[in-house]
Enquirer: 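Sharing a structure, written as structure tokens. Questions coming.
Per chain, numbering begins at 1; letters A, B, ... match sequence-line order.
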Amino acid sequence: MSRLRFETMQERQMDESRPPFRYDARLADEIELRWQDRWEREGTFHSPDPVGALSDGFARVAGRPKFYLLDFFPYPSGIGLHVGHPLGYIGTDVFGRYLRMTGHHVLHPFGFDTFGLPAEQYAIDTGQHPAVTVQHNAAVMRRQLRRLGLGHDGRREILTSDPSFYRWTQWIFLRIFNSWYDPAAGPLGRARPIAELVAEFESGQRPTPDGRPWADLAAGEQRDTIDGHRLAYLAEEIVNWCPGLGTVLADEEVTDEGRSAVGNYPVYRRPLRQWMLRITSYAERLVADLDSLDWPDNVKRLQRNWIGPPGGPYHLRDWLFSRQRYWGEPFPIVYDEADPTRPIALPDEMLPVTLPDMTDFRPVPQDDDSDPVPALARARVGGTPWADVTLDLGDGPRRYRRELNVMPQWAGSCWYYLRYLDPFNDKALVDPPLQRYWMEPIGVDLYVGGVEHAVLHLLYARFFHKVLYDAGVASTPEPFGRLFNQGYILADAFTDARGMYVPAAAVTRRAGGWEYDGQPVTRRAGKMGKSLKNGVSPDDMYDAYGADTLRLYEMAMGPLDGDRAWHTDDIAGVHRFLQRLWRLIVDENTGETRPPAAEPLDPATARLLHQTITTVREDFAALRFNTAIARLIELTAHASRMDAVPRALAEPLVLMVAPLAPHIAEELWQRLGHPASLTYEPFPQADPALAAQASVILPVQVDGKVRFTIEVPASAGQQAIAEALAGHPGYPRDDVARLVIVPGKIVNVVLRRPDPV
RNA sequence: GCGGGCGUGGCGAAAUGGCAUACGCGGCAGGUUUAGGUCCUGUUGGUGGCGACACCGUGGGGGUUCAAAUCCCCCCGCCCGCACCA
């Protein structure tokens with residue numbers, strides 16, 4: 001193969017020149033698996049709640065400020081991860097570990113969005129049931145992410161397709177269905193229970209649309225009036241109906257010729273009766289409350305543009321909330337056989353409405369002029385249609401017909417962050433004290449994910465949250481106080497003379513170009529993936545370098561919010577850094593811990609250490625992991641030049657590396673004599689007195705060009721610097737028109753201009 | 001078209017008004033090694049010079065300032081979003 005061919009154990013044993021205890025992939029693998037086991041065994045990343053089922057151990061962290069750290073959860077792909085996927089997860093893990101070491105009580109949960117089209121499509125493609133494939137795929141991802149050493153509280157993991165979860169998605173739908181928006185309540189209005197609207201009509205406090213007394217309206221008219229106010233309602237909506245595929249399609253799935261992109265079937269624009277959510281009622285609040293959020297400006301702008309200009313012509317339309325597919329949340333709605341168009345909400349006690357098991361759940365092609373048939377129309381339970389059900393809704397057992405649409409992909413992701421707070425609660429969506437403890441005052445303290453969800457997911461989740469806020473379930477007006485968009489990992493792709501992609505891993509760098517199999521190839525930029533043959537598996541990186549090196553490399557590539565190009569060759573740099581760090585503390589020939597020197601730090605080392613602590617703290621706090629790594633590499637290089645590393649340097653260095661490369665740091669920390677995990681060890685504090693320079697070297701410019709430098713006491717002010725300058729032989733004293741002195745920074749000597757002739 | 005963003009060594013990048021290129025890759029030289037690889041040390045923007053140095057240099061042009069990669073204007077190039085769609 002290529003440069004990505006990894007050394008075998010046999011080859012390693014033949015290599016006698018390599019020190020046996022050098023930090024390499026083999027040693028990293030052993031260290032990492034051992035610490036991952038220990039973290040799991042000790043529940044290192046379990047975050048105790050103040051009350052309830054997960055409150056054990058809360059006393060230990062009771063005084064700490066809480067921090068709710070959250071990743072956009074993924075849908076579990078069947079293909080497995082490439083190294084681009086976990087970039088954001090590594091970033092939040094590094095940050096979470098830093099927060100724990102700076103005295104925060106961190107909640108960092110993780111879960112999977114397992115309902116929806118990607119999961120259903122994968123199941124269809126592989127001929128298996130989605131309930132099976134999502135479990136399998138989640139297990140694959142769970143293993144790959146665990147191998148990265150991510151510090152999640154695994155007890156809180158949720159899957160949106162789990163009935164114990166989607167029971168509450170249905171419960172939220174019922175809150176929406178049983179609410180109406182009162183624009184007169186408060187400055188921008190709020191949602192109120194539908195029962196209060198009924199009471200206002202009945203008492204005459206609120207006039208009916210045509211002015212007749214409420215009691216004079218027929219029962220059906222009363223129902224239609226009420227239903228017309230609900231935040232969830234049925235309406236005729238123009239959709240892309242593709243009979244050939246048996247489903248409605250998104251605009252993107254329809255070609256310019258009006259046919260389906262898949263299969264090239266005709267697509268018809270036609271009105272169909274669909275569930276809608278009245279998100280437009282919240283438009284003004286969704287715009288106004290953006291001002292309170294610490295979000296990237298471009299995401300706020302996208303949301304504002306999406307919702308529309310302020311003050312009335314809102315373009316935003318209500319949210320089409322039903323799908324004709326199988327793999328989604330059933331609606332908790334039935335229809336009376338005698339009145340089949342008016343929806344009836346099920347009571348909370350009848351939740352969850354579980355999705356029936358179906359062996360053939362694929363959409364079925366239809367005739368051109370037929371209506372779409374939801375997949376659930378074919379579901380049968382014990383020989384009878386799942387749709388037909390006998391229920392007692394208060395007036396004795398009657399026959400009803402179930403709603404056959406399911407909710408869209410987005411439903412579960414609109415509120416999952418609340419369920420992490422109380423995942424086992426079967427009495428409530430979330431226990432109010434837990435909701436208040438973790439969410440107040442700004443909601444999730446940091447939410448990290450890709451910018452591709454800048455509009456829809458974040459807008460829909462804000463809408464759900466505001467409904468829950470109006471209903472008194474959520475106590476903050478917004479779900480996500482701070483948002484951060486991590487960048488994407490791109491990778492070089494290469495094409496040969498015929499324009500065909502060649503495996504990027506087997507391309508080698510040549511002076512002035514690139515070659516594959518002895519032939520020159522052309523480099524092209526592209527997203528990492530199968531089609532460009534440039535995917536890199538994290539498993540290969542573990543085999544070649546270990547997880548700590550992979551983490552460090554991804555964090556060192558550049559700013560977390562920027563796109564960056566993957567270059568496997570560059571990993572060697574951070575791997576060498578970890579090898580040097582290891583060698584400071586471990587004798588790579590014997591495997592013995594080198595006894596750290598006991599003497600105090602020399603002033604220059606102390607100064608560098610404390611300056612490094614200062615900047616690394618600032619960098620971590622601002623998610624600038626790339627520059628933090630540069631400072632730590634410099635400090636390690638300095639330590640490498642010492643005969644023996646004093647404990648007072650080795651320990652803070654290991655602690656500062658720990659958020660980035662936690663496994664090797666734990667191992668070294670233990671070898672330095674600390675039996676407990678360093679997860680909750682205080683992050684080093686800088687001593688300003690030790691960080692201070694006695695003197696500084698100031699560059700002296702003459703007319704803007706640096707000519708020489710002077711050394712002055714660090715505390716020197718304008719006067720002292722001017723005096724030091726006057727004594728320097730390079731100072732052009734007779735021609736100075738102006739002297740600009742910026743203490744601690746620079747001096748600029750402005751010369752007199754010769755008189756124009 | 002409209003809106004937004006970006007442009008710095010061979011490459012990823014750092015510097016947000018104050019010595020441009022920290023840190024890493026790659027390159028070059030040396031050490032270790034039978035050799036290659038690994039590892040270690042030094043060096044590495046361009047041009048000129050033996051050299052101390054000098055000049056040029058952050059896409060191009062102009063401006064503000066003692067001082068501009070950074071702030072302003074114009075131009076060029078590239079990227080993203082543009083409405084119910086996962």
Side-chain angles (χ1 to χ4, degrees), chain A residues 3 7 11-12 15-19 22 24 75 116-118 121 237-240 248-254 274 276-277 279-280 296-299 301-302 304-308 314-321 323 408-410 451-457 459-460 490 492 509 511-513 523 525 552-553 556-559 562-577 579-580 583 588 615 624 626-634 636-637 640-641 697-709 737-742 744-751:
Chain A
R3 63 198 169 91
E7 189 175 54
E11 283 171 324
R12 177 185 305 282
D15 180 358
E16 297 182 0
S17 66
R18 179 195 292 260
R22 170 161 293 167
D24 58 13
Y75 73 85
L117 258 167
Q121 198 57 48
E237 200 47 33
I238 305 283
V239 297
N240 301 307
V248 295
L249 295 175
D251 285 346
E252 287 76 3
E253 297 168 319
V254 181
Q274 302 284 328
M276 307 294 292
L277 300 189
I279 189 173
T280 51
D297 285 339
N298 63 318
V299 177
R301 191 166 45 241
L302 284 170
R304 286 197 184 94
N305 290 345
W306 187 272
I307 297 167
Y314 282 107
H315 299 141
L316 182 71
R317 295 191 350 202
D318 280 340
W319 179 9
L320 176 72
F321 197 68
R323 301 289 184 269
Q409 168 99 59
W410 307 101
V451 73
E452 77 274 14
H453 292 298
V455 176
L456 292 183
H457 161 60
L459 194 65
Y460 293 152
L490 311 176
D492 287 339
R509 223 188 292 231
R523 184 165 66 123
L552 205 54
Y553 174 60
M557 291 168 85
D563 293 344
R564 71 283 309 278
W566 179 271
H567 293 294
T568 297
D569 287 351
D570 292 356
I571 297 178
V574 288
H575 191 60
R576 278 196 277 265
F577 161 56
Q579 287 180 330
R580 282 199 296 276
R583 206 155 39 228
E588 60 182 9
T615 54
R624 289 192 302 257
N626 54 328
T627 49
I629 290 167
R631 298 290 86 78
L632 292 169
I633 289 174
E634 288 174 321
T636 302
S640 297
R641 287 189 284 269
I697 294 173
L698 294 186
V700 178
Q701 297 180 331
V702 176
D703 277 343
K705 288 179 186 296
V706 176
R707 292 305 181 196
F708 58 94
T709 61
R738 184 177 167 191
L739 196 52
V740 179
I741 297 174
V742 186
K745 295 272 191 179
I746 204 166
V747 174
N748 196 2
V749 182
V750 186
L751 299 181

Enquirer: Kindly point out which of rA86(B), rC84(B), rG81(B) is positioned nearest to the side chain of Y460(A)?
Expert: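 So the side chain of Y460(A) is nearest to rC84(B).
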Enquirer: Which of these nucleotides, rG18(B), rG81(B), rA86(B), is closest to any side-chain atom of R323(A)?
Expert: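 Selected nucleotide: rA86(B).
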Enquirer: Under 4.0 Å between a side-chain N/O of R707(A) and OP1 or OP2 of rA54(B), yes or no?
Expert: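 Looking at the OP1 and OP2 atoms of rA54(B), one of them is under 4.0 Å from a side-chain N or O of R707(A).
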Enquirer: Just compare rA13(B), rC85(B), rC19(B) and give me whichever is closest to any side-chain atom of L456(A).
Expert: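 Comparing rA13(B), rC85(B), rC19(B) against the side chain of L456(A), the answer is rC85(B).
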Enquirer: Suppose we screen for side-chain hydrogen bond (donor to acceptor under 3.5 Å, both in side chains). Which residues come up paired with N626(A), at least two apart in sequence or across chains?
Expert: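 With neighbours one apart ignored, the set is empty.
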Enquirer: What are the two closest non-hydrogen atoms of V740(A) and R738(A), and how far apart are they?
Expert: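 Smallest interatomic distance, heavy atoms only, reads CG2-NE, 4.0 Å.
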Enquirer: Picking from rC23(B), rG18(B), rA14(B), which would you name as closest to the side chain of E634(A)?
Expert: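 The closest nucleotide is rC23(B).
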Enquirer: With sugar-phosphate meaning primed atoms plus P, OP1 and OP2, does W410(A) contact a base, only sugar-phosphate, or nothing at under 4.0 Å between heavy atoms?
Expert: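 The residue W410(A) makes base contact.
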Enquirer: Syn versus anti for rG9(B), judged by chi lying within 90° of 0?
Expert: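 Judged by the O4'-C1' to base torsion, rG9(B) sits in syn, the angle falling within 90° of 0.
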Enquirer: Indicate yes or no: at least one non-hydrogen side-chain atom of L632(A) is less than 4.5 angstrom from one of F577(A).
Expert: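 Yes - at least one pair of side-chain heavy atoms lies under 4.5 Å apart.
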Enquirer: Does R583(A) have a side-chain nitrogen or oxygen under 4.0 Å from the phosphate oxygens OP1 or OP2 of rC39(B)?
Expert: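 No, no such contact exists.
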Enquirer: Is a side-chain N or O of D703(A) found less than 3.5 angstrom from the main chain of L751(A), in a donor-acceptor match?
Expert: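 Yes; at least one donor-acceptor contact below 3.5 Å.
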Enquirer: Does a nitrogen or oxygen in the side chain of W306(A) sit under 4.0 Å from OP1 or OP2 of rC84(B)?
Expert: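 Answer is no, no contact under 4.0 Å.
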Enquirer: Donor-acceptor pair under 3.5 Å: do we get one between D570(A)'s side chain and the base of rC25(B)?
Expert: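 Side chain to base: no pair below 3.5 Å.
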Enquirer: Where the side chain of D318(A) meets the backbone of I279(A), is there a donor-acceptor pair that is under 3.5 Å apart?
Expert: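 Checked: pair present.
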Enquirer: Suppose you measure atom C1' in rG7(B) against the same atom in rU58(B); what distance do you get, rounded to whole Å?
Expert: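 Straight-line distance between the two C1' atoms is 9 Å.
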Enquirer: Donor-acceptor check, side chain of R564(A) to backbone of P559(A), threshold 3.5 angstrom: yes or no?
Expert: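 It does hold such a pair.
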Enquirer: Counting Watson-Crick and G-U wobble pairs with both distances under 3.5 Å, what is the dot-bracket string for RNA chain B, 5' to 3', using [ ] for crossing pairs and | for pairs to another strand?
Expert: (((((((..(((.....[....)))((((((.......))))))((((....))))..(((((..]....))))))))))))....
Enquirer: So, OP1 or OP2 of rG3(B): does either fall under 4.0 Å of a side-chain N or O from R304(A)?
Expert: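 For R304(A), the contact criterion (side-chain N or O under 4.0 Å from OP1 or OP2 of rG3(B)) is not met.
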Enquirer: Can you check whether N626(A) has a side-chain N or O nearer than 4.0 Å to OP1 or OP2 of rA14(B)?
Expert: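 Yes, N626(A) has a side-chain N/O under 4.0 Å of OP1/OP2 on rA14(B).
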Enquirer: If we only count heavy atoms from C-beta on, is the V749(A) to L739(A) side-chain gap below 4.5 Å?
Expert: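 Of all side-chain heavy-atom pairs linking L739(A) with V749(A), at least one is under 4.5 Å.
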Enquirer: Which sits closer to the 5' end of RNA chain B, S640(A) or V749(A), going by the nucleotide each is nearest to?
Expert: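 By nearest-heavy-atom nucleotide position, the 5'-most residue is S640(A).
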Enquirer: Could you tell me how far apart R301(A) (CZ) and rC80(B) (P) are, to the nearest whole angstrom?
Expert: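 Value for this atom pair: 16 Å.
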Enquirer: How far, in whole Å, is rA13(B) from rA83(B) if one measures between their P atoms?
Expert: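 One P to the other, the span is 30 Å.
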Enquirer: Looking at every non-hydrogen atom in both residues, tell me the closest pair between L698(A) and K745(A) and how far apart they are.
Expert: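 Taking every non-hydrogen atom into account, CD2-N, 3.6 Å.
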Enquirer: For the residue pair R580(A) and S640(A), what are the closest heavy atoms and their distance?
Expert: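 So the minimum-distance heavy-atom pair works out to CD-OG, 4.0 Å.
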Enquirer: Under 4.0 Å, heavy atoms only, any strand: does E588(A) hit a base, just the sugar-phosphate, or nothing?
Expert: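 No contact at all - E588(A) keeps every heavy atom at 4.0 Å or more from the nucleic acid.
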Enquirer: Considering only rG18(B), rC25(B), rC85(B), which nucleotide approaches the side chain of D569(A) most closely?
Expert: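 That would be rC25(B).
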Enquirer: P atom, rC80(B) versus rU41(B): distance in rounded Å?
Expert: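 That atom pair is separated by 42 Å.
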Enquirer: For atom C1', what is the distance between rU44(B) and rC25(B), given to the nearest Å?
Expert: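 Pairwise C1' distance, rU44(B) against rC25(B), rounds to 13 Å.
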Enquirer: What nucleic acid atoms does N748(A) come within less than 4.0 Å of, heavy atoms only: base, sugar-phosphate, or nothing?
Expert: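 Answer is base: heavy atoms of N748(A) come under 4.0 Å of a base.
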Enquirer: Give one of base, sugar-phosphate or nothing for D563(A), where a contact means two heavy atoms less than 4.0 Å apart.
Expert: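 Result for D563(A) = sugar-phosphate.
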Enquirer: Is the shortest side-chain heavy-atom distance between H575(A) and Y553(A) below 4.5 Å?
Expert: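 H575(A) vs Y553(A): side chains apart.
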Enquirer: For the C1' atoms, the ones on rC78(B) and on rG26(B), what distance do you get once it is rounded to whole angstrom?
Expert: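 Here rC78(B) and rG26(B) have their C1' atoms 25 Å from each other.
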Enquirer: Compare side-chain N and O positions of K705(A) against OP1 and OP2 of rG57(B) and report whether any pair is under 4.0 Å apart.
Expert: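 Result: no.
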Enquirer: Expressed as a whole number of Å, how far does the C1' atom of rC56(B) sit from that of rA20(B)?
Expert: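 Rounded to whole Å, the distance is 13 Å.
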Enquirer: Indicate whether OP1 or OP2 belonging to rC66(B) is found under 4.0 Å from a side-chain N or O atom of R738(A).
Expert: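 The answer is yes; a side-chain N or O of R738(A) sits under 4.0 Å from OP1 or OP2.
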Enquirer: For the side chain of Q409(A), counting heavy atoms from C-beta on, which of rU38(B), rA15(B), rA86(B) is nearest?
Expert: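 The answer is rA86(B).
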Enquirer: I746(A) side chain: which of rC19(B), rC39(B), rG81(B) is closest?
Expert: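 It is rC19(B).
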Enquirer: Should Q701(A) be listed as having a side-chain N or O under 4.0 Å from OP1 or OP2 of rC19(B)?
Expert: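 It does not, given that no N or O in the side chain of Q701(A) lies less than 4.0 Å from OP1 or OP2 of rC19(B).
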Enquirer: Go through the N and O atoms of the side chain of R631(A) and the base of rA22(B), and report whether any donor-acceptor pair is under 3.5 Å.
Expert: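 Check passes, donor-acceptor contact within cut-off.
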Enquirer: Let me know, please, whether D703(A) or G558(A) comes out on the 5' side of the other along RNA chain B by nearest nucleotide.
Expert: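 Its nearest nucleotide lies further toward 5', so the answer is G558(A).
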Enquirer: For P19(A) versus E588(A), what's the shortest heavy-atom pair and its separation?
Expert: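 Residues P19(A) and E588(A), closest heavy atoms: CB-O, 3.3 Å.
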Enquirer: Out of rC19(B), rA13(B), rU38(B), which has the shortest distance to the side chain of P559(A)?
Expert: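 Of all the options, the side chain of P559(A) is nearest to rA13(B).
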Enquirer: Does V742(A) reach a base, just sugar-phosphate, or nothing at all? Heavy atoms under 4.0 Å.
Expert: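 The answer is base, as V742(A) lies within the cut-off (heavy atoms under 4.0 Å) of a base atom.
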Enquirer: Nearest to the side chain of R22(A), which nucleotide is it out of rA22(B), rC39(B), rC25(B)?
Expert: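 Among rA22(B), rC39(B), rC25(B), the one nearest the side chain of R22(A) is rC39(B).
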Enquirer: Which value, in whole Å, describes the distance between the P atoms of nucleotides rA15(B) and rC71(B)?
Expert: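 It comes out at 14 Å once rounded to the nearest Å.
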Enquirer: Pick the C1' atom in rU33(B) and in rG46(B), then give their distance to the nearest Å.
Expert: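 Here rU33(B) and rG46(B) have their C1' atoms 37 Å from each other.
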Enquirer: L320(A) has a side chain; which of rC66(B), rC39(B), rC85(B) sits nearest to it?
Expert: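 Between rC66(B), rC39(B), rC85(B), the one nearest the side chain of L320(A) would be rC85(B).
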Enquirer: Just checking R641(A): base, sugar-phosphate only, or nothing, at a heavy-atom cut-off of under 4.0 Å?
Expert: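 No contact.
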